[in-house]
Amino acid sequence: MGKAKAHELRNKGKAELLKQLADLKKELGELRVAKVTGGAAAKLSKISVVRKSIAVVLTVINQKEVSELRKHYEKKTYKPLNLRVKKTRAIRRQLTKKQLGLKTLRQEKKDNLFPLRKFALKA
């Protein structure tokens with residue numbers, strides 16, 4: 001089995017990906033046994049390729065799950081923490097545009113009772 005390519009794996013279904021993952025893990029086990037028993041150098045160098053292929057398959061599975069969850073929570077008010085926008089802590093705690101525009105009841109009364117004065121200037 002050659003090196004797994006992410007763009008090829010993205011077209012496969014979840015069942016196929018899980019099957020490929022199981023095959024790769026089995027192959028890795030066999031290669032480790034060959035390493036202990038003193039296998040060929042080609043088999044020893046293939047261990048890193050198989051490990052990286054397993055990582056690629058797991059990454060693609062995770063990306064697919066996250067994208068499906070993003071679609072599911074797209075219109076929802078509350079989202080899981082790992083699907084929310086990261087930004088920075090300070091930005092996340094900032095007041096919203098609506099909150100910034102609000103006035104207190106006292107300020108609204110003051111604005112209504114004492115409107116801005118307009119003066120006519122003689123040219």
Find the distance between [atom1] ([X]) and [atom2] ([Y]) and round it off to the nearest 0.5 Å.
| X | Y | atom1 | atom2 | answer |
| --- | --- | --- | --- | --- |
| His72 | Lys75 | NE2 | NZ | 13.5 Å |
| Arg32 | Arg51 | CZ | CZ | 6.5 Å |
| Lys87 | Arg93 | NZ | CZ | 13.0 Å |
| Lys76 | Glu74 | NZ | CD | 10.5 Å |
| Lys97 | Leu100 | NZ | CG | 7.0 Å |
| Leu102 | Glu108 | CG | CD | 8.5 Å |

Minimum heavy-atom separation for [X] and [Y], please, with both atom names.
| X | Y | result |
| --- | --- | --- |
| Val56 | Ala4 | CG1-O, 4.1 Å |
| Asn112 | Pro115 | O-CD, 3.8 Å |
| Tyr78 | Tyr73 | O-CD2, 3.8 Å |
| Ala42 | Ser45 | O-OG, 2.9 Å |

Is there a path of hydrophobic side-chain contacts, each under 4.5 Å between heavy atoms of I, L, V, M, F, W or Y residues, that connects [X] with [Y]?
| X | Y | answer |
| --- | --- | --- |
| Val57 | Leu18 | yes |
| Leu21 | Val66 | no |
| Leu58 | Leu28 | yes |

Residue list, side-chain hydrogen bond (donor to acceptor under 3.5 Å, both in side chains) with [X], at least two apart or on another chain:
| X | result |
| --- | --- |
| Lys79 | none |
| Lys14 | Glu65 |
| Arg84 | none |

Above 12 or not: heavy atoms from other molecules or residues under 6.0 Å from CZ of Arg92?
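Count over threshold, so yes.
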
Heavy-atom count check: over 12 atoms from other residues, nucleotides or ligands less than 6.0 Å from Arg10 CZ?
yes

N/O donor-acceptor pair under 3.5 Å between Gln99 side chain and Thr96 backbone:
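Side chain of Gln99 to backbone of Thr96: a pair is present.
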
Pair Lys26, Glu30 - check side-chain contact (heavy atoms from CB on, under 4.5 Å), show working.
CA-CA 6 Å; Lys26 183 180 174 189; Glu30 291 168 1; 3.6 Å; yes

With a 4.5 Å heavy-atom cut-off, do Thr59 and Gln63 have their side chains touching?
yes

Looking at side-chain heavy atoms only, is the closest gap between Leu17 and Lys64 below 4.5 Å?
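Yes, their side chains come closer than 4.5 Å.
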
Asp111 versus Gln107, side-chain donor and acceptor atoms under 3.5 Å:
yes

